[in-house]
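What follows is a single structure, written as structure tokens, with notes after it.
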Amino acid sequence: MFSTKLLRWFGQAKRDLPWRKEPRVPYRVWVSEVMLQQTRVDVVIPYYRRFLRRFPSLKSLAAAPLDDVLALWSGLGYYTRARNLWKAARACQGALPRTAAALRELPGFGPYTAAAVASLAFGEDVPLVDGNVARVLARVFRLEGDAREESWTVAATLLPKGRAGAFNEALMELGATVCTPRAPRCGECPVSRECQGRSAPERYPQPRKRPERPLLEWTALALQRRDGAVLLSRRPEDALFAGLWDLPATEIKLPGVRQHGELADCGVVEQTLTHREVRVSIQRGRGSGTPRSKTLRWVLPLHLGALGLSSLARKSLRRAGIAGA
DNA sequence: AAAGCGGGGAG
DNA sequence: CTCCCAGCTTT
């Protein structure tokens, strides 16, 4: 009954999203699912369009340099997603595996993404649980505590044979548009009649406790050449914003680069992340020379758009007075 | 089981 | 300001 009502509702409430365009090409489903990890639909849409224009197929993605992929990911966050997407494209030899179990073997495929691609693109009868599904099921069945784990079992019992894809998508759609985290629209809910949590939806699921957010601080140097190019350095693989380009921190050695004149203080840029607060002081100056390190390069403002930079790095560049970031 | 990893939109 | 989003990986 639950599944039937949900599917009927989905038939008329389904939003028109770029990755829902028929036919459902597995590659496109995959790209959208990865971008949507911890990221809202509205944010993803423009990134998704750009990405598909540049990498229309699995083959084109596999053939591209990683830096091109990171450039298109710039600003989207969780950059390991882009690395794993690229790695998996290279690993899967022309076509994605067709089952959740096989997809799990590829980098970047966790329980959710494997089930999403398997059910939505290949029609496999597997349940899935994301934040939306866990919230909906926690309310409907009054699941106590953190409902994410238990939801996998519950979702499996509700799964209508042969319609897993539509069911999974409907459950997520309900969570995204009706059974929202705050102020759910129970009056518009197709399953409010069978919802055990209707009287107190905000009690479910139990909110997670948020970790403290330590402050991370450093000073970055914006050296500009006479032609306007700015000196960037590639961040180490084990650091925050791993492998992305950024203004070099003052601790970074700059072999081959000369600095002219005094530095000017440009103030501070800040970025709040889930697990820490970052504050970067920006100093600006003039420089020249040929870097003797592969992790250093001069970049013209015109070319900043084609580089893998974090949002914080772009903010830093703007603060240093460099347009085009 | 918990921590690390981006960024931003909504209330 | 807080919450949390179509989560995954590592410890």
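A, B, ... follow the sequence lines: proteins, then strands. Residue 1 opens every chain. Worth knowing before you read on, the calculation uses all heavy atoms, side chains too, and leaves out hydrogens, waters and symmetry mates.
Remark: aromatic rings of A:Y47 and A:W73 are distant, center separation not under 6.0 Å. Taking the centre of each ring, A:F55 and A:F51 come in below the 6.0 Å mark.
The local environment of CD in A:E217 is crowded, with over 12 non-hydrogen atoms from other residues, nucleotides or ligands closer than 6.0 Å. Other residues, nucleotides and ligands contribute only 12 or fewer heavy atoms inside 6.0 Å of the CZ atom of A:R8. Around the CD atom of A:E237, the shell of radius 6.0 Å holds more than 12 heavy atoms that belong to other residues, nucleotides or ligands. In A:R208, the CZ atom is not crowded: 12 or fewer heavy atoms of neighbouring residues, nucleotides or ligands sit closer than 6.0 Å.
Here, C:dT9 and B:dG8 have their C1' atoms 23 Å apart, quoted to the whole Å. Of the C1' atoms belonging to C:dC3 and B:dG6, the separation is 16 Å, rounded to the nearest Å.
Here C:dC5 presents its P atom at 20 Å from CE of A:M35, a figure rounded to the nearest Å. Going from atom CH2 of A:W73 over to atom P of B:dC5 covers 18 Å, rounded to whole Å. Atom CZ of A:R81 and atom P of C:dC8 are 11 Å apart (whole Å). At whole-Å resolution of the value, CZ in A:R40 and C1' in B:dG8 are 6 Å apart. One atom, CD1 of A:I45, and another, P of B:dG8, lie 16 Å apart when rounded to the nearest Å. The interatomic distance linking A:Q38 (CD) with C:dA6 (P) rounds to 9 Å, in whole Å. The CG atom of A:L36 sits 17 Å away from the P atom of B:dG7 (whole-angstrom rounding). When the P atom of B:dC5 is taken as reference, atom OH of A:Y79 falls 14 Å away, rounded to whole Å.
Ring geometry, A:F2 versus A:F141: the interplanar angle falls from 30° to 60°, so the pair is classed tilted.
A heavy atom lying under 4.0 Å from DNA chain B marks none of the residues of residues 129-152 of chain A.
The residue A:G75 sits close only to the backbone: its heavy atoms come under 4.0 Å of sugar-phosphate atoms, none of a base. Residue contacts for A:T180: at a heavy-atom cut-off of 4.0 Å it reaches no nucleic acid atom on any strand shown. Residue contacts shown for A:R15 include a base, since a base heavy atom lies under 4.0 Å away. Nucleic acid contact for A:P211: none, since no nucleic acid atom lies under 4.0 Å from a heavy atom of the residue. Base contact: A:L17 has a heavy atom under 4.0 Å from a base atom. If you check every strand for non-hydrogen atoms under 4.0 Å, A:V44 touches nothing. Among the atoms of the strands shown, none is found under 4.0 Å from any heavy atom of A:S32.
Remark: A:R235 qualifies as a cation-pi partner of A:W218 under the 6.0 Å distance and 45° angle criteria applied to the six-membered ring.
Side-chain N/O atoms of A:T113 include one lying less than 4.0 angstrom from OP1 or OP2 on C:dC8.
Nearest to the side-chain atoms of A:R208 among the listed nucleotides B:dG7, C:dC5, B:dG9 stands C:dC5. Side-chain proximity of A:T274 to the nucleotides B:dG7, C:dA6, C:dC8 is greatest for B:dG7. Closest to the side chain of A:P111, out of C:dC8, B:dG11, C:dG7, is C:dC8. Looking at the side chain of A:R213, the nearest of the listed nucleotides C:dA6, B:dG6, C:dT2 is C:dT2.
Partner of A:D67 under the salt bridge (charged side-chain N to carboxylate O under 4.0 Å, His left out) criterion, chosen from A:R83, A:R297, A:R234: A:R234.
Within 3.5 Å, no donor on the side chain of A:S311 pairs with an acceptor on the base of B:dG7, nor the reverse. A donor-acceptor contact under 3.5 Å is formed by the side chain of A:T39 with the base of B:dG6.
If you find the closest nucleotide of DNA chain B to A:K209 and to A:L76, the one lying nearer the 5' end belongs to A:K209. Nearest-nucleotide assignment on DNA chain B puts the 5′-proximal partner with A:L273, out of A:V43 and A:L273. Comparing A:F109 and A:Y112 against DNA chain C, the residue whose closest nucleotide sits nearer the 5' end is A:Y112.
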